[in-house]
Amino acid sequence: MGNSTGKQVPFKEGMMKLPQSPSDKGYMVGSKCRKCGEQFFIRREICENCQGRDLEDIALSNKGKLYAFSVMYYPAPPPYKPPDPFVPFGLGWIELPGGMVLYSLLTENDPKKLKIGMEMELTFEKFGEDKDGNDVMICKFKPSGAN
Ligand SMILES: [Zn+2]
């Protein structure tokens, strides 16, 4: 730390598109099968539904509803290296418009502030720095309207 370039890079290449300007909110990248129309997150090469190999990248909605959640009071398995000291964190299933449900870290870890069905939106957070001093960004969902 200390030599930060201020440049942001995604935690995993191809998984997300970081905001490029203050008005750009960024998005997570999924796949859509051109043959059967099935959509996936995380992005994949082969359709689980029809085994087709003709998939295209799609921008997933950066808004959804909280479908289910839990708060983890134990460190997560790799690759999410726990902060030291460890703080509990929220994990949620977010239902996107269209019905796709994806699993994501949440910014909120207080179960009293989370409610099934509440509106959620995508946000990006610095996770750490890579060897070149770039900020490595991960995505989380936050309650809409929260900072
Ligand atoms: Zn398919």
Side-chain angles (χ1 to χ4, degrees), residues 5-83 86-132 134-147:
T5 61
K7 189 178 167 229
Q8 299 182 341
V9 295
F11 179 77
K12 191 165 184 274
E13 199 58 55
M15 187 179 179
M16 60 185 91
K17 185 80 167 54
L18 295 171
Q20 303 298 308
S21 71
S23 61
D24 180 6
K25 291 184 181 304
Y27 56 85
M28 291 201 282
V29 179
S31 295
K32 181 177 180 182
C33 177
R34 285 197 173 101
K35 196 171 156 198
C36 74
E38 192 75 23
Q39 296 185 11
F40 304 96
F41 181 80
I42 300 168
R43 202 168 162 256
R44 59 204 65 198
E45 306 293 327
I46 299 174
C47 175
E48 280 175 16
N49 185 45
C50 73
Q51 279 72 52
R53 287 167 184 270
D54 188 14
L55 281 77
E56 60 182 333
D57 285 353
I58 51 167
L60 299 181
S61 171
N62 50 26
K63 290 193 170 145
K65 282 184 183 354
L66 189 58
Y67 182 82
F69 68 90
S70 69
V71 174
M72 309 301 283
Y73 294 95
Y74 300 95
Y80 295 109
K81 192 161 76 65
F86 176 73
V87 284
F89 62 95
L91 274 175
W93 285 261
I94 311 295
E95 186 176 9
L96 303 182
M100 182 186 207
V101 176
L102 56 85
Y103 184 63
S104 174
L105 290 162
L106 304 177
T107 56
E108 186 54 65
N109 67 0
D110 181 351
K112 293 190 196 75
K113 292 183 182 163
L114 292 167
K115 209 172 163 219
I116 303 296
M118 77 193 299
E119 301 286 340
M120 304 291 283
E121 62 185 63
L122 187 70
T123 186
F124 293 88
E125 242 178 46
K126 182 179 171 180
F127 172 74
E129 287 174 15
D130 66 13
K131 58 175 172 35
D132 301 319
N134 299 316
D135 293 349
V136 177
M137 307 299 286
I138 55 171
C139 36
K140 293 185 174 182
F141 271 84
K142 66 174 183 178
S144 287
N147 290 321

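As the structure lists them, so they are numbered: ligands from 1, and atoms in each ligand from 1. FYI, side chains are in, hydrogens and waters are out, and symmetry mates aren't considered; it's all heavy atoms of this structure.
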Which atom of Phe89 lies closest to which atom of Leu105, heavy atoms considered:
CD1-CD2, 3.7 Å
Could Lys65 and Glu119 be called an ion pair, given the rule that one side-chain N must be under 4.0 Å from one carboxylate O?
yes
So which heavy atom on Phe11 is nearest to which on Val136, and how close?
CA-CG1, 3.6 Å
Measure the acute angle between the ring planes of Tyr103 and Trp93, then classify it against the limits of 30° and 60° as parallel, tilted or perpendicular.
tilted
Cys50 to Cys47 - nearest heavy-atom pair and separation
N-SG, 3.3 Å
Gly92 and Leu106 have their tightest heavy-atom pair at N-CG, 3.6 Å
State the count of protein N/O/S atoms located less than 2.8 Å away from the Zn ion (ligand 1).
4
